[in-house]
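Taking it in order: structure first as structure tokens, then the write-up.
Ligands are counted one by one from 1 in listed order, and the atoms in each one are counted from 1 as well.
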Amino acid sequence: MSPFDHRMLLKDLPKTFVWVGILALSLMLVPPALILRARAVPTEQRRIHIIQNMDNQPKYVDQQENILFADQRSMRPPVPGTVSKSQMVGDTHRFLGTVDGEFVTDFPEGIVLDEALLDRGQTMFNVYCLPCHGVTGEGNGIIHERAMVLVNTGTNGTTWVQPKNIHEEAIADQPVGQIFWTITNGVRNMAGYGSQVRVDDRWAIVAWVKALQLSQNAPADMVPGSDALPVRTKVAPGMEMDEEDAS
Ligand code: HEC
């Protein structure tokens, strides 16, 4: 017999060895079975949490007691008289977009109307405004589209106010200070972004809104070489179809 013949090898083992082997193999199935059960069956008990990944750290959370301070609050109130930089309104032109209670018609000192400002304004507009107002500000952003699906299917009683088209005359005529005010404080159904967008960035967005408004209604003489452009004489293809269908 060859020493590598496993059948012979198994037969030659003492009986107890075989039984202990079978028992050990069966016992090895128990931990995975317990783990699978723990994953599948809900329980009131705390999970066993072996890999901590810094999930539990010594720290104070909101409203927690802290005996270090006489008033035992872990959330420290600001020192009386503190004014946050974002609440400084000494320069109302810059921080509120108003002078003597009237919306300003020009940008505050220090905001330079150049390409960099427009670039910044475009970036910030695309982050904070485009989802609702759309890429050109017509009020048809992706959130509006989605909301209309929910409204039209009557999902969860959704109601929706369409974001304004910033090219509407009433808005195109607004002074820059009013746009700044709207971004900062919101207007009717629109929330304000004063807490999320820094002052200078809000002015940059104002500049971009003004640029968008101009881009959609620019008089021909403001566009260099516009007289060389072809004049649109035909009705849009979709419109033609409709007329034929109707007749
Ligand atoms: C969550 C959606 C949403 C976002 C984001 C949003 N808006 Fe609006 N916006 C609205 C809605 C809705 C209205 C109309 C509110 C109404 O008529 O009740 C509106 C109105 C406006 C108006 C018209 C104000 C007026 O006087 O009628 C302007 C200008 C405007 N938004 C600019 C912005 C700018 C700039 C941003 C980005 C900083 C922005 N919005 C972000 C939803 C949004």
Could you name the option among Met190, Gln196, Arg202 that has the heavy atom nearest to atom 10 (C) of ligand 1? Met190
Please answer whether the main-chain N or O of Ile166 pairs with a side-chain N or O of Gln213 as donor and acceptor at a distance below 3.5 Å. yes
For the side chain of Thr92 and the backbone of Thr98, is there at least one donor-acceptor N/O pair under 3.5 Å apart? yes
Under a single-linkage definition using a 4.5 Å side-chain heavy-atom cutoff for Ile, Leu, Val, Met, Phe, Trp and Tyr, are Phe125 and Val135 assigned to the same hydrophobic cluster? yes
Shortest protein heavy-atom distance from atom 16 (C) of ligand 1, along with the residue and atom involved: Arg188 NE, 3.4 Å
Between Asn66 and Leu68 (side chain of the first, backbone of the second, donor and acceptor by atom type, cut-off under 3.5 Å), is there such a pair? yes
At under 4.0 Å between heavy atoms, which part of Ile205 makes contact with ligand 1: side chain, backbone, both or neither? side chain
Quick check against the 3.5 Å criterion: does Thr82 have a side-chain atom that pairs as donor or acceptor with the backbone of Pro78? no
Is Thr182 close enough to atom 8 (Fe) of ligand 1 to have an N, O or S atom under 2.8 Å? no
Could you check whether any side-chain heavy atom of Asn56 comes within less than 4.5 Å of a side-chain heavy atom of His49, counting everything from C-beta outward? yes
Are Phe180 and Val127 connected in the hydrophobic side-chain network, where two residues link if heavy atoms are under 4.5 Å apart? yes
Which residue and non-hydrogen atom of the protein lie closest to atom 24 (C) of ligand 1, and at what distance in Å? Val187 CG1, 3.6 Å
Give the contacting part of Ile183 toward ligand 1: side chain, backbone, both or neither, where contact means a heavy-atom distance below 4.0 Å. side chain
Number the atoms of ligand 1 from 1 as they appear, then name those within less than 4.0 Å of a heavy atom of Pro163, with their elements. 10 (C), 11 (C), 12 (C), 13 (C), 42 (C)
Heavy-atom nearest neighbour of atom 20 (C) of ligand 1 within options Met124, Lys164, His144: Lys164
Ranked by distance from atom 18 (O) of ligand 1, the top protein heavy atom is Asn189 ND2, 2.8 Å
Numbering the atoms of ligand 1 from 1, which are under 4.0 Å from a heavy atom of Tyr193? 4 (C), 5 (C), 41 (C)
Quick check: does Cys132 have an N/O/S atom under 2.8 Å of atom 8 (Fe) of ligand 1? no
Inspect the contact between Arg120 and Asp200 and indicate whether a charged nitrogen and a carboxylate oxygen are less than 4.0 angstrom apart. no
Report, in ascending order of atom number, the atoms of ligand 1 lying under 4.0 Å from any heavy atom of Tyr128. 5 (C), 37 (C), 41 (C)
Is there a donor-acceptor pair under 3.5 Å between the side chain of His167 and the backbone N or O of Thr136? yes
Which bit of Ile171 gets closer than 4.0 Å to ligand 1, counting heavy atoms only: side chain, backbone, both or neither? side chain
Starting from atom 26 (O) of ligand 1, what is the nearest protein heavy atom, named by residue and atom, and what distance separates them? Gln174 NE2, 2.8 Å
Working to the nearest 0.5 Å, report the span between CZ of Arg202 and OG1 of Thr184. 4.0 Å
Note the single closest protein heavy atom to atom 34 (C) of ligand 1, along with its residue, its atom name and the distance in Å. Cys129 SG, 3.4 Å
Just need the protein heavy atom nearest to atom 32 (C) of ligand 1, so name the residue and atom and give the distance. His133 NE2, 3.7 Å
